[in-house]
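The structure under discussion appears below in the form of structure tokens.
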Amino acid sequence: MRIHLLEAEAFGPFPQRVRVDVDDLAAGGLFLIHGPTGAGKTSILDAVCYALFADLPGTRTKKGLRSDHAPADRVPEVVLEFTISGRRLRLTRSPEFARPRKRGTGTPVTVQARVRLDEFDGATWSTKSTRHDEVAEEIHDLVGMGLSQFAKVAVLPQGDFAAFLSASAEERRAVLERLFDIATFADVEAWLTEQRRESATRSQAARSELEAVLRRIEDALVTGGHSPQEGPSDTAVFFGDTDAPALTEALTTLGQEADRQLATALSVTDAATLAEQQAGATLAAARASAQLRDRGRWARSALAALDAALPAHAARMAEVEAARRAAGLAGHLAAVRRTEAEVERAATGLRASLTALTARGLPTEPETLDDVLRAARDLDPTARELQASLDGATSDDLTLQAARDAERTAAAAADERSHLVSAAQGRVDEVTRRLAAATEAEHDLTAVDRDLAAARDQQTLLVANVADHDTRSGLVEQRRGARDHAHDARTAHADLRDRQFEGRAAQLAAALVDGSPCAVCGAVEHPAPASDADPVSDVELSGAAMAADEAQAQVAALDVRIAAIEAAIATREAQLDGQDVATVDARLAELTQRRARVLAAHDRLAALRAEAADSTTALVLASEEHQQAQKAHAAALALLERAREAQARHRTTVERLTGEHQGCPCRPDGVERWTIEHHDGVCALLQAALRARETLRTAGDAHRAATDAATEALAEAGFENASDAAAAHLSADALASRLDAIREHEERRVAARTTLTDPGVSAAMADPAVDLEAIAAAHESARVTLAAATRDQVDAERTVAALRRLTPSAITAAAARDATVARHDRVQALADLATGVGADNTLRMRLTAYVLAARLERVVAFANDRLGSLGAGRYLLEHTDTRSGQGRSGLGLRVLDQWTGQARETSSLSGGETFMASLALALGLADAVRSELGGRDLGTLFVDEGFGTLDDESLEDVMALLDGLQSGGRIVGIVSHVADLRARIPHQLVVAKTPDGSTVDVVRDDALHRTA
């Protein structure tokens, strides 16, 4: 990269625009930047770094870059023109700053940072990008390094490298990690460390799994009453450190011992079972014999008690016999009582009938009753007709009253229906008015639906825009990766091209023949022809070019897709016309509520139409009911007139029939108090009196016959009179109780005699008594012994089953433990070696330190190429792996004094020697970093300070070295206060400071040309 032009305005100490034409300033290849302290010499370098990377090197921050001396309306800006990879570019950057408000006062307005990248095509400038991310990617692809590396390669701050020269190994490590990419080796270190941790976890898990199985085996052994082994009681500890074969042998021995103990337990259980069965049989026989003796003793006692109760038994039997004879007379005695009661009832009935006749004033002599009854029966037809006429007159009264009530009811109904018709007509008029008002709201539904559809279309556009924004972000990230890939492919192609170019000499040398002239120099002798250990073929170069083109094509395809998405987003935003999500959502909510209101009005309209139809129907029904009520009132008036005429006819008939009925025995006192029931009642009384007289005569005859029959039956049953028979009578419950007692007495006697005659009872009564408690105790002892043997057997079976189930698992777990532990040992040894903590790594050098040590060796080699021409070639830098104290090794630096042949610490150098060593180290580091980044050369180099420590001879050496740098085509700028350099370097950039800010002047050929 070669810098052509630098401009800065309102930047750092420069309030006005300063312009540095680097091509003009560095026409001789070497130029000097000088000025008083604080004038802004370093700000020139800061402007270059900020233009390229939008940041400042070191600990300086990009906040507050705007010059405090600049006017309030001045915009801070840096412009950098440079050529890189054959392209002429111009970067224009403006940092973020705060400006006063254009109107009024208050909080200043923050202006965001801006950037523009332009490219010169030979005729005009064209803008390539104004996006910060795109410009950053483009600069990174072209420069091939970040700000930290650029500040070390293109700007050589000697103070930093003097510190690097005398720094500790860990401090050098931090610097080298920022400059060289060792991420792959760091990843390897991290991966090995993680593998060590994971393998340790798996190893511990395998140990834990084995210990868990062994503890379960130990639990099974302890539960079965076995000891797992002689010695420690912890099975997991005892077996845990043994390998799988030894563990297998130990578990097999345990299984065999458990099988032997199970066989012993089975034999003991069989013997205990037989003994328990025999003791149980003996106990059962003893209990049966005791039960038989108890039955015999009970039978003897029962017979003695029954013999003592024989008199009471005989008395109960006599009572039962007398009760049975008395029960045979119950019918005769009942007949006597029944006929006696019938005679009494008949006499009572006759007396009551005669009393009723007396109360009516009728004769009570038995001989006249027949004549009086005959006279009343002769007037029955007249009485019936009189009653009918009286009923007709009463019915006419009721009909007349009902007709009057019906007429009044019909009149009231007609009036009520008239009012209902008026009310129904009013409701019809009201509903018709409301229906007309609600119909107007129905027409708004179409307009609301149209607006709602438009709002939903806008919401769809917003959702699509959000999705496209997310897609674009993903594509931008893919494009960033594709650009990195394209950059790598271009770098690989350039490397191959450079290697092939460098191998051209080897290709020419391959065609040389001794005696034939060289096509280049014409010599016929070829003592040292060039060779290429790793030639690059055209096929490899073509493949790399195709890969670079394909990677660039992927970037272009992603650019097309991103442009299409951005166009779609722009189209939708034009359609949205500034509408955002909140506005559209609010519009949708408002329209949805409005549509709900319109739908509610529409629903009310349907209800009003139904109400109008119901009101009209109600009006028609009310009119029809009013007409029917008027017809009913006319009919009620006609019925009232007919009832009045019928009432007059029936009253005339009643007066005639009353006169004809005056001779009846019922003797009526007036029409109002006489009824046919009165006439029928008198006849019924006469008839009842005649029947009561006949009933009394019949009942007396029956009573006499029943008394004669009962007297004859008592004599036959052995009773003197009815009282004796009644005394012998027993109730059903008493009779049943005595019969149950008699039957129980007989059954108990039979049971006792049967028990005593049973052969088993007889034999048991003859045998001597046994000690039942002793026999039961012997059986219980045998049962306890059997239970203990059974428990031992079950424990032994469980132990054998557990060993058979767990032994394969333990053997498998042990094998897995052995394999996991072996792998962990290998992984740990490798990880410890890579991280520098292993016993085999005597230098305690980490893998990354080893890689950085190789890089440092290259840096030292490059630095010694320069340092050999400084200070009469006395000193060379030397890389060492020697450990310092307890620290790690790999990044040590020493100085080899070739005059004495002794190596010593870098801190022993003088100030001038330190400057020359650090300058050589800085140049060597720049060469190493540049080589690491693909051999990109920087056409412009800045060396910052440190020249004041050199004597004249050393200064000559340094200047010769710098002349060598610029003679290779590079521009070298020196930042220094040393006055002698002003005489040695004719091209100078002078930075001056004033109270109003700093200015820049260019001195060339001793003529002062003010540029700003």
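Quick caveat, the model's predicted, so the values are computed rather than measured.
- Phe82 approaches Ile3 most closely through the heavy-atom pair CB-CA, 4.1 Å.
- In terms of modelled atom types and a separation under 3.5 Å, the side chain of His4 and the main chain of Glu81 share no donor-acceptor contact.
- Nearest heavy atom pair, residue Ser43 against residue Pro13, reads OG-CD, 3.3 Å.
- In this structure, CZ on Arg2 lies 13.5 Å from CD1 on Ile84, to the nearest 0.5 angstrom.
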Evaluate side chain to side chain contact (heavy atoms under 4.5 Å, CB included) for Thr130 paired with Arg114, printing each intermediate quantity in order. CA-CA 7 Å; Thr130 58; Arg114 293 176 299 173; over 6 Å; no
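- No donor-acceptor distance shorter than 3.5 angstrom exists from the side chain of Arg74 to the backbone of Arg66, with no hydrogens or angles considered.
- Judged purely by atom type and a 3.5 angstrom limit, Lys993 has no side-chain atom pairing as donor or acceptor with the backbone of Gly38.
- The distance from atom NE2 of His469 to atom CD of Glu566, rounded to the nearest 0.5 Å, is 9.5 Å.
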Apply side chain to side chain contact (heavy atoms under 4.5 Å, CB included) to the pair Glu134 and Arg483, showing each step before the final yes or no. CA-CA 10 Å; Glu134 292 179 352; Arg483 283 186 172 179; 4.2 Å; yes
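- Put simply, the side chain of Thr83 never gets that close to the backbone of Gly86: no donor and acceptor are under 3.5 Å apart.
- A heavy-atom distance below 4.5 Å is not found between the side chains of Val990 and Ile33.
- To the nearest 0.5 Å, the span separating CD on Glu477 from CG on Asp133 amounts to 10.0 Å.
- The main-chain N or O of Ala39 is found under 3.5 Å from a side-chain atom of Ser998 such that the two form a donor-acceptor pair.
- Formation of a donor-acceptor pair under 3.5 Å by the Arg93 side chain with backbone atoms of Ala51 is found in this model.
- How far CG of Asp21 is from CD of Glu7: 9.5 Å, rounded to the nearest 0.5 Å.
- More than 12 heavy atoms of other residues, nucleotides or ligands lie within 6.0 Å of CZ in Arg480, so this atom counts as buried by the packing criterion.
- Listed by first then second residue, pairs satisfying ring-ring contact (aromatic ring centres under 6.0 Å, His included) with a partner in residues 107-129 read Phe120-Trp125, not counting sequence neighbours.
- Looking at Glu138 and Leu89, their side chains never come closer than 4.5 Å, going by heavy atoms from C-beta outward.
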Step by step, would you call Leu6 with Val78 a side chain to side chain contact (heavy atoms under 4.5 Å, CB included)? CA-CA 7 Å; Leu6 174 66; Val78 175; 4.1 Å; yes
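- From Lys128, atom NZ reaches atom CG of Leu91 across 13.0 Å, with rounding to the nearest 0.5 Å.
- Two residues are said to be in side-chain contact when any heavy atoms from C-beta on lie closer than 4.5 Å; Val860 and Glu857 fail this criterion.
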Run Val991 and Phe14 through side chain to side chain contact (heavy atoms under 4.5 Å, CB included) and show every step you take. CA-CA 10 Å; Val991 183; Phe14 308 113; 4.2 Å; yes
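- Checked by atom type and distance alone, the side chain of Ser67 pairs as donor or acceptor with a backbone atom of Gly12 at under 3.5 Å.
- Inspection of the His69 and Asp996 side chains reveals no N or O donor paired with an N or O acceptor under 3.5 Å.
- Although no hydrogens or angles enter the test, the distance criterion places a donor-acceptor pair under 3.5 Å between the side chain of His132 and the main chain of Ala113.
- A pairwise comparison of heavy atoms in Leu52 and Ile139 identifies O-CG2, 3.6 Å as the closest pair.
- One distance of note links CZ of Arg17 with CD of Glu77; it measures 5.0 Å at 0.5 Å rounding.
- Side-chain contact between Arg490 and Gln552: present, with at least one pair of heavy atoms (C-beta onward) separated by less than 4.5 Å.
- Judged as a ring pair (Phe, Tyr, Trp, His ring centres under 6.0 Å), and not counting sequence neighbours, Phe97 has no contacts.
- Results of the salt bridge (Lys or Arg N to Asp or Glu O under 4.0 Å) test with Glu119 over Arg88, Arg90, Arg87 single out Arg87 as the only residue that passes.
- For Asp470, the CG atom sits in a packed shell: over 12 heavy atoms of surrounding residues, nucleotides or ligands are nearer than 6.0 Å.
- For the pair Ala551 and Ala486, the tightest heavy-atom approach, listed with the atom from each and the gap, is CB-CA, 3.5 Å.
- Counting all heavy atoms, side chain and backbone alike, Gly997 lies closest to Pro15 at CA-CD, 3.8 Å.
- When all heavy atoms of Pro36 and Lys41 are compared, the closest pair comes out as O-NZ, 3.4 Å.
- A heavy-atom distance below 4.5 Å is not found between the side chains of Asp46 and Leu65.
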